[in-house]
Amino acid sequence: MKGRWFAAVAALAISLSMTAGGEDVLAGDKHRDVVIVSHRGASGHAPEHTLVSYELGTKMHGDYIEIDLQMTKDGHLIAMHDMRVDRTTNGTGLVKEATLSEIKKLDGGSWFNGKYPQFAKPEYAGLKVPTLEEVFQKFGKNRSYYIETKSPNVYPGMENELLRLVNHYQINKNKLLVQSFSSDSLKTMHDLDPSIKLVQLLSYRSNAVISQAEIEEVKTYATGLGANQAYLNEEYVKQVTASGLELHVYTVNDKARMQQLIDWGVTGMFTNFPDLLHKVMKEI
Ligand code: G3P
Ligand code: CA
């Protein structure tokens with residue numbers, strides 16, 4: 001009886017592994033390749049776009065540190081998502097109307113403790129808004145950076161300044177991705193330095209659809225698409241990845257959705273909880 005049971009299990013295993021010779025092995029390869037992007041750092045755990053949040057992202061197995069860029073009145077690139085400082089600091093007003101020294105007086109951490117008491121830590125109070133230069137100085141040339149040019153129309157020349165810093169700090173361009181919702185900004189980057197890999201961000205408001213012509217146009221300057229996850233479907237994912245473009249989706253903080261998107265074949269994911277995505281990938 002016991003022998004028959006073992007034989008049945010062995011037969012099942014052989015049959016499964018033969019199936020695995022096709023689709024399952026490929027799926028496994030895809031899973032290993034999904035890149036974890038720490039969205040604004042590990043911003044579910046610590047105040048977004050602070051050095052602490054970026055460091056935590058790396059500790060929590062994030063492959064890339066995601067950095068949104070704004071530019072100060074005196075031309076410094078700083079890490080901040082919004083054009084205004086109001087949401088993520090104790091200040092008020094537009095970044096473009098503030099000097100770096102004014103930005104540096106702001107508290108970029110206390111808001112987080114107030115908004116997310118379950119993740120609050122006393123040391124977050126008083127954290128400073130970092131410049132891109134400080135991020136490069138702290139994490140070095142061989143860290144993987146995923147940098148977004150935000151509102152490039154408001155900040156003429158931000159692409160040149162980004163490239164100047166990348167070159168000055170000898171950032172490893174194989175580990176650098178530059179992303180933007182603005183195709184003009186990405187094309188400017190491409191013209192300045194075609195060796196930099198670019199990701200075109202898209203934001204769908206209903207069921208995601210893309211034509212082959214749109215894909216081909218993106219491929220003239222970018223290596224990937226970054227799409228909001230809410231309206232994606234399996235057909236879209238397969239169409240984009242089959243074209244050879246990377247597909248990185250934002251922002252995924254839910255375990256079941258992570259599993260589904262990995263199963264559909266996305267090649268990367270932005271998450272505020274890189275620890276959770278790492279766990280999901282390990283389980284797979
Ligand atoms: O860059 C991908 C994703 O971060 C875009 O959305 O608003 O978080 O910058 P947002
Ligand atoms: Ca972003």
Side-chain angles (χ1 to χ4, degrees), residues 12-40 42-44 57 60-66 68 144 146 148 177-183 186 197-284:
L12 180 63
I14 289 166
S15 125
L16 283 176
S17 78
M18 284 169 72
T19 314
E23 287 178 13
D24 290 354
V25 167
L26 287 175
D29 287 340
K30 273 187 303 196
H31 297 159
R32 274 198 297 281
D33 287 339
V34 172
V35 296
I36 302 177
V37 185
S38 300
H39 182 243
R40 312 179 193 178
S43 60
M60 292 181 163
H61 307 282
D63 298 307
Y64 282 88
I65 299 169
E66 198 235 359
D68 294 318
S144 297
Y146 206 133
E148 180 176 352
L177 287 171
V178 174
Q179 51 169 338
S180 189
F181 286 101
S182 162
S183 56
L186 293 180
K197 285 180 276 179
L198 306 173
V199 173
Q200 176 67 59
L201 296 176
L202 299 171
S203 179
Y204 291 101
R205 294 286 166 256
S206 58
N207 192 37
V209 178
I210 192 164
S211 68
Q212 269 320 112
E214 286 171 298
I215 287 177
E216 292 311 318
E217 155 67 6
V218 168
K219 284 172 83 171
T220 62
Y221 58 90
T223 58
L225 282 180
N228 55 325
Q229 56 92 15
Y231 298 104
L232 292 194
N233 53 75
E234 187 169 10
E235 188 188 348
Y236 179 97
V237 173
K238 294 210 179 321
Q239 184 190 1
V240 171
T241 53
S243 78
L245 283 174
E246 301 289 332
L247 179 59
H248 297 168
V249 295
Y250 65 91
T251 301
V252 193
N253 297 320
D254 174 77
K255 186 174 177 182
R257 186 63 165 164
M258 286 173 176
Q259 286 164 330
Q260 182 179 49
L261 288 162
I262 291 170
D263 201 41
W264 287 353
V266 302
T267 60
M269 239 182 272
F270 295 77
T271 177
N272 300 345
F273 297 94
D275 50 340
L276 178 63
L277 180 51
H278 177 69
K279 185 165 172 276
V280 167
M281 287 167 61
K282 261 176 69 180
E283 284 170 8
I284 288 168

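His61 and His278 have parallel rings, their planes meeting at less than 30° on a 0 to 90° scale where 60° marks the start of perpendicular.
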>> Between Gln229 and Met269, is the side chain to side chain contact (heavy atoms under 4.5 Å, CB included) condition met? List the steps.
In response: CA-CA 9 Å; Gln229 56 92 15; Met269 239 182 272; over 6 Å; no
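Atom OG of Ser183 sits about 11.5 Å away from atom CG of Leu198, to the nearest 0.5 Å. Atom-to-atom distance recorded for Leu225:CG and Leu202:CG is 5.0 Å, nearest 0.5 angstrom. The OG atom of Ser38 sits 9.5 Å away from the CG atom of Asn272 when rounded to the nearest 0.5 Å. Interatomic distance, CG of Leu247 versus CH2 of Trp264, reported as 11.0 Å (0.5 Å rounding). Thr251 contributes atom OG1, which lies 11.5 Å from atom CZ of Phe273 (distance to the nearest 0.5 angstrom). In this structure, CD1 in Ile262 is found 8.0 Å from CE in Met258, a value given to the nearest 0.5 Å.
Between Asn233 and Ala208, the closest heavy-atom pair is ND2-O, 3.2 Å. Across Gly226 and Val199, no two heavy atoms sit closer than the pair N-CG1, 3.5 Å. Contact detail for Ser206 and Tyr231: the closest heavy-atom pair is O-CB, 3.2 Å.
Proximity of a side-chain donor or acceptor of Asp68 to a complementary backbone N or O of Arg40 within less than 3.5 Å is not detected. At distances below 3.5 Å, not a single donor-acceptor pair connects side-chain atoms of Gln200 with backbone N or O atoms of Gly224. A side-chain donor-acceptor contact under 3.5 Å links Thr271 to the backbone of Val252. Remark: side-chain polar atoms of Asn228 are paired, donor with acceptor, to backbone N or O of Tyr204 under 3.5 angstrom.
A donor-acceptor pair shorter than 3.5 Å cannot be found between the side chains of Glu234 and Gln260.
Of the listed residues (Val35, Thr241, Val34, Val249), just one forms a side chain to side chain contact (heavy atoms under 4.5 Å, CB included) with Thr267, and that residue is Thr241. When each of Leu245, Ile210, Val209 is tested with Gln239 by the rule side chain to side chain contact (heavy atoms under 4.5 Å, CB included), just one qualifies, namely Ile210. Of the candidates Gln179, His248, Glu66, Tyr146 forms a side chain to side chain donor-acceptor pair (under 3.5 Å) with just one, namely His248.
Contact check for Gln259 versus Glu283: side-chain heavy atoms found under the 4.5 Å cut-off. Looking only at side-chain heavy atoms (C-beta outward), Ser203 and Tyr250 come within less than 4.5 Å of each other. Under the 4.5 Å side-chain criterion, counting only non-hydrogen atoms from C-beta, Ser180 is in contact with Leu186.
Annotation for Glu235: atom CD does not count as buried by contact number, only 12 or fewer foreign heavy atoms lying within 6.0 Å. Other residues, nucleotides and ligands place more than 12 heavy atoms under 6.0 Å from the NZ atom of Lys219.
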